[in-house]
Amino acid sequence: MSDVVVNLPEMPARGTLSVAAPDYVINDSNFNRLQATLIELCEFIQREGVRLPPEKAALLDLGEIGRLRKASFWRGEKGRPPTEQEWVALETRIQELHGLLEEPCRRGFYIRKSAFLLIHVPFAMTLLAVGSLIAAISHEPAFLVRMFGVADSARQWHACCYIVWLMALGVLGSVAYVAMNALSLEKDITFNIGNRKLLTIRLILGAIFGLILALPFGFDEFELFARQFTSNNAATSPDATTAAMLLMPFVFGFSTTVVLTFINRVVDAVGLIFGKIPVSHPEQRPHASHSLPGGTVH
């Protein structure tokens, strides 16, 4: 088994220097973030039993890099910046270990890294959607009664609950799309599950599309749906149209790509009315003629 060709910084012997010593404290957020990623990657490889080539097995032994830690705010530690050798050792290990993972293992590691967005966010949005429905069934707050009067307070309260409902279902639709890509049930070549910022933007777009595109259509259906829980009148039972309107924000959040394509087509159609050539269409240019020894080709 050969050693990894990375040069770690020279540090005192382990018996004379503890992890609590100042030389082990790093005050660099990017370095600390990459170090946490490296530790999680090693733990994932060991837990999942990923087979590594014998000459690469030493990559899992982090050595001094694994004993470095970030500065503690509560202890008042200032720490030190990482050295160039520490940067090289950290980035080399991450790149080599990441390159050894096959696509299913890589996606599994990305899912683990995105556990907050794929587990906690849908749980919170589900509670928010259920809470908005329960709030719509309950009586409106006293401040709305004083603001809008008894006649309009119930409808205003339902409107507030409906807005929360739209945004919660839009985010749930985006999470469902991301989860399907994570589980390889649906693959989108333009979607990178390893980019957490992209995942966050995807959830925000789901909330925006669910709110803006569904807001003008389903408010009456939402009121009808909420009224069936407090009314004994059979005429208030929802039908298929009501169900479709209530689930519309989820669909808009799930199919963000389709929504963006539709919006681009609408913008192109409006531009054509005013004589603007769509950007997505190639400009119609006259073909240049080329003179060749055998004649002229157009």
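It should be emphasised that the depicted structure is a prediction, and the values quoted were computed from it without experimental measurement.
The pair Asp61-Arg93 does not count as a salt bridge, with every side-chain nitrogen at least 4.0 angstrom from each carboxylate oxygen.
By the neighbour-count criterion of 12 heavy atoms within 6.0 Å, atom CZ of Arg51 is sparsely surrounded, having that number or fewer from other residues, nucleotides or ligands.
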**Request:** In sequence, state the C-alpha distance, the side-chain angles, and the governing distance for Trp165 and Cys161, and then conclude on side-chain contact (heavy atoms from CB on, under 4.5 Å).
**Result:** CA-CA 6 Å; Trp165 170 272; Cys161 298; over 6 Å; no

**Message:** For a side-chain contact (heavy atoms from CB on, under 4.5 Å) check, start with the C-alpha distance between Leu60 and Leu52, then their side-chain angles and the critical distance, and finish with the verdict.
**Reply:** CA-CA 10 Å; Leu60 299 178; Leu52 300 180; 4.0 Å; yes

**Item:** Intermediate values then yes/no, side-chain contact (heavy atoms from CB on, under 4.5 Å), Val266 and Phe262
**Value:** CA-CA 6 Å; Val266 172; Phe262 173 77; 3.8 Å; yes

**Asked** Step by step, would you call Arg202 with Val178 a side-chain contact (heavy atoms from CB on, under 4.5 Å)?
**Response** CA-CA 8 Å; Arg202 183 68 172 77; Val178 172; 4.1 Å; yes

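With a 4.5 Å cut-off on side-chain heavy atoms, Leu205 and Ser174 do not count as touching. Two residues are said to be in side-chain contact when any heavy atoms from C-beta on lie closer than 4.5 Å; Val259 and Ile263 meet this criterion. Between Ile26 and Pro81, the closest side-chain pair of non-hydrogen atoms is not below 4.5 Å. Proximity of Tyr162 to Met167: side-chain heavy atoms (C-beta onward) are nowhere separated by under 4.5 Å. Counting heavy atoms from C-beta outward, Leu213 and Ile208 have side chains that stay 4.5 Å or more apart. Between Phe274 and Val270, some side-chain heavy-atom pair lies under the 4.5 Å cut-off. Side-chain contact check for Asn30 versus Trp87: some heavy-atom pair is nearer than 4.5 Å. Residues Pro53 and Leu100 meet the side-chain proximity criterion, which asks for heavy atoms closer than 4.5 Å.
Here the straight-line distance linking atom CD of Glu86 with atom CD of Gln35 works out to 9.0 Å at 0.5 Å rounding. Separation of atoms CG (Asp28) and CG (Leu68) is listed at 11.5 Å; rounding is to 0.5 Å. Here CZ of Phe31 is found 12.0 Å from CG of Asn27. Values are rounded to the nearest 0.5 Å. From Leu246, atom CG reaches atom CZ of Phe225 across 6.0 Å, with rounding to the nearest 0.5 Å. Here Leu224 contributes atom CG and His158 contributes atom NE2; the two are 11.5 Å apart, rounded to the nearest 0.5 Å. Distance check: Gln95 CD to Leu38 CG gives 11.5 Å after rounding to the nearest 0.5 Å.
A donor-acceptor pair is defined here as one N or O able to donate and one able to accept, closer than 3.5 Å; such a pair exists between the side chain of Ser138 and the backbone of Ala135.
Follow the hydrophobic side-chain contacts under 4.5 Å out from Val130 and you never reach Val164; the two are in separate clusters. Side-chain heavy atoms closer than 4.5 Å link hydrophobic residues (I, L, V, M, F, W, Y) into clusters, and following such links, possibly through other members, connects Ile212 to Ile204. Val251 and Ile163 sit in two unconnected hydrophobic clusters of ILVMFWY residues. Membership requires side-chain heavy atoms under 4.5 Å apart, directly or through other members. Note: the hydrophobic cluster containing Val121 also contains Leu128 (ILVMFWY, side chain heavy atoms under 4.5 Å, direct or indirect links). Met125 and Leu127 are members of different hydrophobic clusters when ILVMFWY side chains are connected at heavy-atom separations under 4.5 Å.
The minimum heavy-atom distance between Leu166 and Leu211, with the atom names listed, is CD1-O, 4.0 Å. Contact record, Ala226 with Ile137: O-CG1, 4.1 Å, taken as the closest heavy-atom pair.
Using cut-offs of 30° and 60° on the angle between ring planes, the pair Phe254 and Tyr177 is perpendicular.
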